[in-house]
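Only one structure is covered here, and it is reproduced in the block below.
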2 protein chains.
Amino acid sequence: MIDHESESSLTRGDLARATGCNIETIRYYEKTGLLPDPPRSAAGYRIYSAAHATRLRFILRARELGFSMEDIRGLMGLDDGAAPTCAEVKERTKRHLADVRAKIADLRRIESVLAATASRCSGAEVPNCPVLDAISGN
Amino acid sequence: MIDHESESSLTRGDLARATGCNIETIRYYEKTGLLPDPPRSAAGYRIYSAAHATRLRFILRARELGFSMEDIRGLMGLDDGAAPTCAEVKERTKRHLADVRAKIADLRRIESVLAATASRCSGAEVPNCPVLDAISGN
DNA sequence: GTAGGGTCTGTAGTAGCTACAGGCTCAAGA
DNA sequence: TCTTGAGCCTGTAGCTACTACAGACCCTAC
């Protein structure tokens, strides 16, 4: 059906394998507009090009860096139709970086509480559990 | 309807105010079994006791520490019907602590990439954006 | 009596996927 | 040529942990 000799003509499965992305995720990104609807074969099969693969890799990398789909839409200029300026990208990145740092701070606080209470715990079959007490606020 | 002079007879709104928990969240916790179904007044209004408030505070504190609802169910002995031993609690806490540390490590990796790329970004209206290049893998 | 708040139920929405069911299509082997 | 199995198609439901309604009921105070 699809010419597999041409390197830039991919089925959904091909694209999934080429990018390591779950095949259902690709459909999801299309549904939400992160990926454009690809052209179809006569039988209705999606036909992806190398450009789709490049764009999907961008999305996946941005997701690895913790950007939300909303952020990614912005980074790709899908929110207002125009490619964002470098200044806009920097602004978005800085906002995201601040979020990441806030999350790290939260988790560190949690970590220290957990580590402290777990270390006080004998692990024996005693009635008083320091972990449960700590959660209860005793 | 409900005797507000007795300190351990609360409506859903009372309980929400007393614990700082969203009123809808209380219903959600009941639906999922984290909180027991309270008795009802003649008109069908829920009547909570001080025990409910204590239990809800435990749940909220555990959530603050990042425990999942599944974890909390375990900590309260709702998964197998019996209160967990101290050893079981310690084990759960250690597993959760490992998760938290893994998340911190992830976020730190993300943070360093974001900080490095953002700092390379001029913020000018130039065509080449170091952030987008970094995401693209260039 | 009535106005206002509170409460009740059920349902739908959020993010970011993931996992089917049931049907169609395609390529390869007998 | 027929069949078999893999792949693709669509729509829908599930996940976590909530949150936000609508529309009906109830309770209290004036």
Side-chain angles (χ1 to χ4, degrees), chain A residues 1-5 9-35 37-48 52 56 59-75 78-79 96 99 103 106, chain B residues 1-5 9-35 37-48 52 56 58-76 78-79 96 99 103 106:
Chain A
M1 51 156 301
I2 292 176
D3 177 12
H4 273 270
E5 303 312 306
S9 188
L10 308 161
T11 64
R12 199 141 72 97
D14 291 338
L15 183 61
R17 270 184 298 277
T19 58
C21 182
N22 185 312
I23 197 163
E24 295 284 359
T25 305
I26 295 172
R27 188 157 72 104
Y28 174 69
Y29 287 160
E30 277 169 33
K31 201 178 70 184
T32 57
L34 229 52
L35 276 177
D37 276 355
R40 303 292 184 112
S41 73
Y45 281 27
R46 290 168 180 79
I47 304 170
Y48 298 95
H52 286 99
L56 179 53
I59 294 167
L60 295 174
R61 180 94 179 103
R63 293 288 305 130
E64 273 177 38
L65 290 175
F67 283 102
S68 70
M69 290 179 64
E70 193 57 35
D71 288 333
I72 298 173
R73 238 182 286 279
L75 291 176
L78 294 177
D79 46 359
H96 177 47
D99 285 353
K103 255 181 219 152
D106 272 0
Chain B
M1 49 156 305
I2 293 178
D3 178 10
H4 275 270
E5 303 312 306
S9 188
L10 308 161
T11 64
R12 200 141 72 96
D14 292 338
L15 182 61
R17 270 184 299 276
T19 58
C21 182
N22 185 311
I23 197 164
E24 295 284 0
T25 305
I26 295 171
R27 189 158 70 106
Y28 173 69
Y29 287 160
E30 277 167 34
K31 201 176 70 183
T32 56
L34 228 51
L35 276 177
D37 276 355
R40 303 292 185 113
S41 74
Y45 281 27
R46 289 167 181 80
I47 304 170
Y48 297 95
H52 286 98
L56 179 52
F58 180 93
I59 294 167
L60 294 174
R61 181 94 180 101
R63 292 287 306 130
E64 273 177 37
L65 290 176
F67 283 103
S68 69
M69 289 179 65
E70 193 56 36
D71 288 333
I72 297 173
R73 236 182 287 280
L75 291 176
M76 297 195 304
L78 295 177
D79 46 358
H96 177 46
D99 284 353
K103 256 181 216 151
D106 271 0

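Per chain, numbering begins at 1; letters A, B, ... match sequence-line order.
- Between B:Arg40 and C:dT7, a side-chain N or O to OP1/OP2 separation shorter than 4.0 Å is absent.
- Rounded to whole Å, the distance from OH on B:Tyr28 to C1' on C:dG10 is 16 Å.
- A 4.5 Å side-chain heavy-atom check between B:Glu30 and B:Tyr28 finds every atom pair outside the cut-off.
- Both B:Arg17 and A:Glu70 lie close to DNA chain C; mapped to their nearest nucleotides by heavy-atom distance, the more 5′-ward contact belongs to B:Arg17.
- In this structure, the CD atom of B:Glu30 is 15 Å from the P atom of D:dT19, given to the nearest Å.
- Comparing atom distances between the B:Tyr45 side chain and each of C:dC17, C:dT7, D:dC9 picks out C:dT7 as nearest.
- Here the C1' atom of nucleotide D:dC18 and the CG atom of B:Leu60 are 12 Å apart, to the nearest Å.
- With rounding to whole Å, B:Phe67 atom CZ is found 18 Å from D:dT16 atom P.
- Where B:Arg12 and A:Thr25 meet DNA chain C, the nucleotide closest to each residue was compared, and B:Arg12 sits on the side nearer the 5' end.
- Contact between the side-chain N/O atoms of A:Arg27 and the OP1/OP2 oxygens of C:dG16 is not found at any separation under 4.0 Å.
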B:Thr32/B:Met69 under side-chain contact (heavy atoms from CB on, under 4.5 Å): CA gap, chis, key distance, verdict
CA-CA 9 Å; B:Thr32 56; B:Met69 289 179 65; 3.4 Å; yes
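- For B:Thr11, the listed nucleotide lying nearest its side chain is C:dT7; candidates were D:dT10, C:dT7, C:dG16.
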